Each structure stands twice: as structure tokens, then as C-alpha cells.
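I have placed the structure first, in the form of C-alpha cells, so that the comments after it can refer back to it.
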Number of protein chains: 2
Amino acid sequence: MKNDIRALRTARGLSQEALGTALDVSRQTINAIEAGRYDPSLPLAFRLARFFALPIEEIFDDGAGEKAGS
Amino acid sequence: MKNDIRALRTARGLSQEALGTALDVSRQTINAIEAGRYDPSLPLAFRLARFFALPIEEIFDDGAGEKAGS
DNA sequence: TCCCTATGTAAAGCACGCTTTACACATATA
DNA sequence: TATATGTGTAAAGCGTGCTTTACATAGGGA
């Protein structure tokens, strides 16, 4: 599942380490999620959304909304 | 993490089996999530939210929003 | 050059999400 | 009674989310 975490993080001038600390996860976890290696758990997705003050659906994109046309 | 899935499901007259089939998971998975035995993965949370046409944050509650007063 | 910060990645290990199979119980209906 | 549907739960097994430790690379500043 795609996400905008790297853009949101760098826009705030934070390192992966700093964001991990703020969300109580390791920097490797932030790196893996940014790289799309795996999706965060739902609780971590909530923490990310709250941290960036955005709805989960605006940060993550599971690709089910933009089917064909438009 | 608490959720309103049972209420949303029964309001639509669906069995756990029927909801599971609609979301491509087993009925045991629906049962476990309704019972709060574990949280769904983020992709499944998206499918649930889309199915019920609600934002993820309105279906799930990780309890971090209602701190103290109010 | 040396050091420090930031990032990428890998491996081992543990806990959780989800599966299938299976058994139990309640309610309804023939 | 027998059969069917809906639900609760358990166990084994597999893949993933996240951890710690560790090594490598790149860029900036002393």
C-alpha cells in the first residue's frame, strides 16, 4: 500500500529516527513503511495520522478508489 | 482497539459469514475483530471502511482522542 | 582526514493477522 | 426429531509487523 509518509516527514524536517521516536517505533520500521516494504499495523497507522493531523485515507492509498476512467 | 463493526453489520442484516465473504476474509476473522480479539490489518480496515462507506476513524477507535475533560 | 548524522538493508526472533478444520450451542423450521 | 443457519471458540500453520544488532554508504563540518 502506497503512502505519503516520506513527503510529510521531510516537509517537517524530521529524520526517520526522530519520527520513529515520536511514534514509538524503530527507525527501521519508518524506513520500511516509507519504502513500501510492508504496511503499518492499524494502531501505528492511527498514530501516524494523528501525528500529521490527517485522516488515514489521505496518508495511505490502497488503490481501490481510482479504478478506471475519470 | 474498539470498533463498531457488529452494529454496522447487523444494521444491514448481514451474517458474519456474509460480511467475511464480501470482504474476502473468513467469518472467524470477522468474529475476532468484532470481539476485539485483534485489530484488522490496514488493508482490511480499508475494505471495511469502504464497505460501510465510512472513514476508518469513525469505525475504529484507538482511544487516543478522548483524553480527559470535555 | 576524521567524525557525525541520515539513510538503506539484512538477519534472527517474537507477537499478531488470517487461514482451515473442527466442535459446541442456540434458534428456527419442517 | 431432524436439519439448517448463525455464532463462539480453539488449535495448527503460515506470512507479516516490529524489534535489536549490525554493517555499509553518502554528505557535511572540524
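What you see is a predicted model, and the numbers here were worked out from it, not measured in a lab.
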For this session: Using only side-chain N and O atoms of Asn31(A), determine if any of them is under 4.0 Å from OP1 or OP2 of dT7(C).
Result: no
Seminar exercise, completed: Here the distance between atom P of dG17(D) and atom CD of Glu34(A), to the nearest Å, is 16 Å
Exercise. Over how many whole Å does the gap from Ile30(A) atom CD1 to dG17(D) atom C1' extend?
Worked result: 12 Å
Exercise. Do Ile5(A) and Ile33(A) come within less than 4.5 Å of each other through their side chains, counting heavy atoms only?
Worked result: yes
Exercise. What is the minimum heavy-atom distance between Glu57(A) and Ala49(B), and which atoms define it?
Worked result: OE2-CB, 4.2 Å
Exercise. If you measure from CD1 on Ile59(B) to CG on Leu54(B), what distance do you get to the nearest 0.5 Å?
Worked result: 5.0 Å
Problem set entry | Strand contacts (DNA chain D) in residues 35-43 of chain A, 4.0 angstrom heavy-atom criterion | Tyr38(A), Asp39(A), Pro40(A), Ser41(A)
For this session: Summarise protein proximity over nucleotides 24-30 of chain C in one line of letters, 5' to 3': B for base, S for sugar-phosphate only, - for none, counting protein heavy atoms closer than 4.0 Å.
Result: -------
For this session: Calculate, to the nearest 0.5 Å, the distance between atoms CD and CZ belonging to Glu34(B) and Arg27(B) respectively.
Result: 11.5 Å
Seminar exercise, completed: Sorted by number, residues from residues 5-26 of chain A placing a heavy atom under 4.0 Å from DNA chain D are Asp24(A), Val25(A), Ser26(A)
Exercise. Between atom CZ of Phe46(B) and atom OG of Ser41(B), what is the distance when rounded to the nearest 0.5 Å?
Worked result: 10.5 Å
Exercise. Asp61(B) side chain to Lys2(B) main-chain N or O, any donor-acceptor pair under 3.5 Å?
Worked result: no
For this session: Say whether, by atom type as modelled, one donor and one acceptor occur between the side chain of Arg9(A) and the main chain of Leu14(A) under 3.5 angstrom.
Result: yes
Exercise. Nearest heavy-atom pair of Ala18(A) and Ser15(A): which atoms, and what distance?
Worked result: N-OG, 2.9 Å
Problem set entry | Protein-nucleotide distance (Leu48(B), atom CG; dG17(C), atom P), rounded to Å | 13 Å
Seminar exercise, completed: side chain to side chain contact (heavy atoms under 4.5 Å, CB included) with Leu42(A): of Asn3(B), Asp62(B), Ile56(B), only one passes, and it is Ile56(B)
Problem set entry | Donor/acceptor link under 3.5 angstrom from Gln28(B) side chain onto base of dT7(D) | no
Problem set entry | Main-chain N/O of Leu23(B) paired with Arg47(B) side-chain donor or acceptor, under 3.5 Å | yes
For this session: Kindly say whether Gly13(A) contributes a backbone atom to a donor-acceptor pair with the side chain of Thr10(A) at under 3.5 angstrom?
Result: no
